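Since the model is a prediction, treat every value here as computed from it, not as a measurement.
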Amino acid sequence: MRKCLYLFFCFMSLLSYSQGTIKKYNFSEQNQGNNSNYGNQNNFGDPNNLGNQNIQQENNEKRSLREKVKKDSIAPMKDYKIITILRDTIAVDTALTLKNYYKFNYLRKDNFGLLPFANEGQTYATLKYSQKENSVLPGFGFEAKHFNYMKAEDITYHSSPTPRTEMYYKTVMKQGQSLDAFITLNTSEHLNMFLAYKGMRSLGKYMSQLSSTGNFRIGGSYYSPNKRYVLFTHFVAQDILNQENGGIRDLNLFETSEKPYNKRERLNVYFRDGESLLKGKRMFLHHEYQLNSSLANGILLTHEFTYEDKFFEYSQENLNSNYTQKDRFGASFKSSISNKTKYYTLSNKVGAAFQSGLLGRVEVFADFYKYNYQYNSVATINEEFIPSVLEKNITLIGGKYTYKKENWKAFLLLYNSLGNDNTSNIQVNIDYALAENIGLQAGYQKLSRMGNLNYYLYQSDYVNYNWNNSFNNEKINQFDATLTTPWVTLEGSYQVIKDKLYFSNDNPVYNDFGIAKQLLVTPKQYGKTINFLSLQASKEIKLGRFGLDNTILYQEVDQDENILNVPKLLTRNTFYYKGALFDKALKFQTGITFTYFSKFYGNDYNPVIGDFYVQDKVKIGDYPVFDFFIDMKVRTARIYFVLEHFNASMSGYKYYTAPNYPYKDFTFRFGLVWNFFS
């Protein structure tokens, strides 16, 4: 990652030079056009001696042109565009809005439905279970460590008339900072490049809770002058390091929070030498070529290539330390733990498409996919053979149809494997604009896919954390609908889930707080059906300079056992005031955000597998969280002051993210997002 940082700062230095070069080039190009007006004039032997007048007139026009170029060097904001791999295009938004305030966090997106752990850069508990699963292929696993791991679809591409820079900064819990620096430029109208690095380091308020992460991204997009060839590409290198303390051991000391235990570093934890590391890199290329010259109608050839390799490692230096609960995860083969899982995937997707202004776009494709999931050795545990590798070649064929016409948008996706693993996906989405500001979206998905690979195979220096399993495909039928109106936005989702994979603890011995004395977690499959319903309503009410933004989510699960566990009620309400000072040179908004979720059996976190496991002994929730904020904007800089969970000492110390992992205490946060357009 140091090499990535070195490249980043080198690129920034070169870019500061290239910005001036680009402006000079544009100016010279326009001057050449003006000089051509005088190309046929010959001042030598001018009988009226008009040469000096012409030169003076030319100098005046050059001066006017310089002033015009300087004035117009920043294009209209709507011309700075962000483009997704699905070709959705949005304009860069620097407004001072609640929408942007909700995105002012470590993930850089609205995290409604996610409950962060106490330290920045740790994992999140999932409160909202209604996200559509887009991948039909088996994943790596270790899902708790992937919230900040950027997937290929998370990378955006750009169109920028002038170089654009965005700087994000936010303070953390203790001793560190969070920074996301991004820069993009168009060297020509057809070629865009971008470079970005997000780094975060936070010591945390509890013992052995350090987080240190980095996300390096570089890429670009290109389309030919005749627009028949289009390319998107990126390279990403990421690492997510966390010290793993296993949670606090004496919950009574936390809940009373009497001195000296109101200082969180005084609370004892399970481990002081646990550590997890997720690291990966990815190369991605997507390009298309249209065979005929008509852009509205014709045949295209498409190709998409993805290579990604990563590993997850959990380690503990000394199980015999006086500060370690030795048998927390059961017996071990050695006095130190070093579990490392390697993984790589290779995908080559080729296809052909026909697009018509009248009929839409029809595409057929074949995806040649390979994965390799491995360890360095084989093992035999309790007479069960544990292999060192899972690998497979999967060929998927499919088709995609897209239609856009006036008020209608339609999308159909079909995927099916040629092998015997029964992988398949059917996805339909329809979007219809009923009237201005009124829209209806509806979707359906039928999915059959393998689970994440760490359900099937895992090796560890802990005896109980070794398995080699065979499971059925997970099967999901999902219906979604969204109604958008000026009065309210309604979202609904209904899922029928069969053969769900999950982790649970095999040890039945618990303490007085319902915390298991040992965590002997293994993967399992729930063969029965789970029915899941979620309904969400959102509405922002404005009255003059005051406003009230409301989001309420209701969830209901029908199941025979507590496998899919979510709170029934989740709400976020923000009351705010907007104003301006200094002749409107400074705009600001200030308010209070209230969040709440009802009690439920929250999943617990297990650092050895980097994942959450199901439990039905301890309920968490039913505590209010209030945040006070002041946001200000000066030109293109937005400045944020936030008092997070300022009611912590008022509502009682029974706020948890997982059964023995507390939610964050009162914290003052400061930060800014600054955009430069030159």
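A salt bridge (charged side-chain N to carboxylate O under 4.0 Å, His left out) with Asp499 holds for exactly one of Arg449, Lys524, Lys475; it is Lys475. Considering Phe668, Phe628, Phe104, Tyr102 as possible partners of Tyr640, the one that fulfils the ring pair (Phe, Tyr, Trp, His ring centres under 6.0 Å) test is Phe104. Paired with Phe503 under the rule ring pair (Phe, Tyr, Trp, His ring centres under 6.0 Å), one option of Tyr526, Tyr605, Tyr455, Phe612 passes, and it is Tyr455.
In summary, the aromatic rings of Tyr314 and Tyr465 are positioned with their centroids too far apart to meet the 6.0 Å limit. Here Phe140 and Tyr371 keep their ring centres 6.0 angstrom or further from each other. For an aromatic pair to be called close, the ring centres must be under 6.0 Å apart, and Phe329 with Tyr270 fails this. The aromatic ring centres of Tyr101 and Phe629 sit less than 6.0 Å apart.
Within 6.0 Å of the OH atom in Tyr323, the count of heavy atoms belonging to other residues, nucleotides or ligands does not exceed 12. Around the CD atom of Gln559, the shell of radius 6.0 Å holds more than 12 heavy atoms that belong to other residues, nucleotides or ligands. Heavy atoms from other residues, nucleotides or ligands lying under 6.0 Å from CG of Asn252 number more than 12.
With sequence neighbours excluded, no residue forms a ring-ring contact (aromatic ring centres under 6.0 Å, His included) with Tyr502.
Between Phe147 and Tyr124, the ring planes are tilted. Angles from 30° to 60° get that label.
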